[in-house]
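Naming: A, B, ... by sequence-line order, numbering from 1 per chain.
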Amino acid sequence: MASGTLYTYPENFRAYKALIAAQYSGAKVKIAEDFIFGETNKSDAFLKKFPLGKVPAFETADGKYITESNAIAYYVANEQLRGKTDIERAEIVQWFGFADSEILPASCAWVFPLLGLMQYNKQTIEHAKDDVKKALTALNSHLLTRTYLVGERLTLADISVATTLLHLYQYILEPSLRKPYQNVNRWFQTVIYQPESINVIGAFKLADKTLEYDP
Amino acid sequence: MASGTLYTYPENFRAYKALIAAQYSGAKVKIAEDFIFGETNKSDAFLKKFPLGKVPAFETADGKYITESNAIAYYVANEQLRGKTDIERAEIVQWFGFADSEILPASCAWVFPLLGLMQYNKQTIEHAKDDVKKALTALNSHLLTRTYLVGERLTLADISVATTLLHLYQYILEPSLRKPYQNVNRWFQTVIYQPESINVIGAFKLADKTLEYDP
Amino acid sequence: MATTPLAQEKVWFEKPMYDKAECLHFERLAKG
């Protein structure tokens with residue numbers, strides 16, 4: 001049974017991947033209590049273990065170090081979450097890539113300016129909207145006849161993609177914007193409202209109204 | 001034994017991942033002969049199988065569809081390449097993420113303007129140089145006492161990271177620039193000069209001189 | 001290496017910028 005310490009700041013959607021996976025697998029994942037983001041991860045001790053200084057970062061009980069959120073989630077998961085056949089495991093890797101290359105860039109480009117994290121640029125946002133539409137359309141199509149992304153049960157694919165969609169569903173996808181993606185909405189809520197997810201994320205609220213840009 | 005058809009344009013470093021993996025595993029990977037990039041991948045028939053229209057894309061012999069280069073490589077690989085223990089398999093996922101998030105953006109930001117694929121912006125290039133330096137420094141440190149990235153033998157981690165470094169080693173890292181990264185250089189050449197890699201990439205030539213910007 | 005299809009490749013060039021923005025935001029939150 002995997003166990004270890006997870007270094008992260010609070011409400012880090014990337015850290016949620018491993019934390020939710022651990023809820024399913026029973027892995028003992030302790031969140032480092034004395035971790036101060038911006039300080040601890042720049043210390044020599046931390047950089048010795050995790051040279052890039054990024055989080056989430058995981059130290060296993062037997063002294064190994066893992067970075068990259070999908071990798072940590074994989075490590076603390078169980079066989080069901082990791083996929084039971086070669087094709088399932090390959091498909092899970094595929095969805096990791098989909099989340100990181102098709103959803104995340106577009107989500108950040110749309111959400112960050114509205115949260116005041118980056119400069120607002122109308123053209124960038126318009127491109128982001130197109131990219132989000134493409135990704136959600138592909139996802140919606142895939143989920144037409146499926147309950148989960150891979151196989152018949154929840155896997156790391158669902159956890160990874162759903163957590164990567166959290167910002168979009170929290171800040172952007174008000175009812176009219178998410179209406180074209182009914183299969184995604186159904187699947188997303190299936191994943192996020194599992195007890196294992198609620199234990200980590202809490203009671204997640206879908207956007208009532210798209211966040212507006214406030215100069 | 002995995003088999004199927006790979007759709008890609010020639011000399012696609014992402015496609016190399018699966019092709020090299022197949023050399024090791026013996027998987028029968030046929031490259032689609034009549035594939036014209038920009039046409040075939042925009043056709044209805046292709047988009048029905050691969051809705052995002054991206055390559056590399058893989059159709060298994062039994063009619064399944066896989067996208068994302070790491071996923072295809074995983075599917076056509078063998079147990080050795082995929083990792084033999086949970087920690088090895090997690091570490092391989094970690095290196096997939098490292099290649100895609102720490103190397104690829106910086107590599108493309110540096111190389112593409114010099115290849116005339118993007119506008120040249122001095123500040124962007126300077127940032128890219130810093131990011132490449134960070135990534136290679138971390139890699140160099142990791143490889144100080146290791147022959148391969150994960151475990152004692154070559155895995156998908158080595159294939160994924162090395163292929164993602166091809167552009168840098170081909171166009172940028174002239175001898176003086178690669179000098180600080182002796183462990184990476186050693187490891188990179190170990191991977192790229194395996195017969196299995198040569199069968200796919202051909203005889204790879206390390207950069208003699210950094211490509212210069214030609215307005 | 002072939003370069004023309006590369007021009008159509010989708011790469012998140014700005015990723016480091018977004019990573020930095022995210023870090024700054026959460027560092028500020030951590031400081032309270």
Side-chain angles (χ1 to χ4, degrees), chain B residues 8-16 35-42 52-56 69 97 100-119 121 123-132 134-135 163-164 166-171 201-202 204-205 211, chain C:
Chain B
T8 179
Y9 54 81
E11 298 179 8
N12 177 354
F13 80 90
R14 288 190 178 89
Y16 286 166
F35 178 82
I36 302 169
F37 185 70
E39 288 181 26
T40 315
N41 59 309
K42 294 183 180 178
L52 292 172
K54 291 170 82 176
V55 294
S69 54
D100 286 343
S101 60
E102 305 304 328
I103 298 176
L104 187 63
S107 168
C108 293
W110 193 347
V111 173
F112 279 25
L114 301 180
L115 290 175
L117 300 173
M118 260 177 75
Q119 198 147 20
N121 177 300
Q123 200 183 39
T124 305
I125 302 245
E126 290 307 311
H127 285 146
K129 287 182 183 179
D130 281 341
D131 293 331
V132 166
K134 273 184 208 138
T163 51
T164 308
L166 284 171
H167 286 152
L168 280 174
Y169 271 104
Q170 181 174 2
Y171 295 116
I201 303 172
F204 183 79
K205 193 173 175 320
L211 202 58
Chain C
M1 281 196 182
T3 53
T4 311
L6 273 182
Q8 299 182 48
E9 282 280 11
K10 200 171 137 193
V11 177
W12 194 15
F13 298 101
E14 308 83 5
K15 183 178 192 298
M17 266 170 48
Y18 284 93
D19 283 350
K20 192 170 176 187
E22 191 175 339
C23 274
L24 286 174
H25 171 69
F26 284 101
E27 282 175 6
R28 274 197 295 266
L29 284 180
K31 286 194 167 94

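Taking every heavy atom of both residues into account, C/Phe13 and B/Cys108 meet most closely at CE2-CB, 3.4 Å. Listed here is the closest heavy atom pair of B/Pro105 and C/Val11: CA-CG1, 4.1 Å. Summarising the geometry of C/Leu6 relative to B/Tyr9, their closest heavy-atom pair is CD2-OH, 3.9 Å, with the distance given to 0.1 Å.
Atom NZ of C/Lys10 and atom CG of B/Leu52 lie 7.0 Å apart (nearest 0.5 Å). For the atom pair C/Gln8 CD and B/Asn41 CG, the distance stands at 7.5 Å (nearest 0.5 Å).
The residues C/Glu9 and B/Lys54 are annotated as not salt-bridged, no charged nitrogen and carboxylate oxygen being separated by less than 4.0 angstrom.
When heavy atoms are compared at a cutoff of 4.5 Å, B/Ser101 approaches chain C by way of both its backbone and its side chain.
C/Glu14 is linked by a salt bridge (charged side-chain N to carboxylate O under 4.0 Å, His left out) to nothing, counting only residues two or more places apart in sequence or in another chain.
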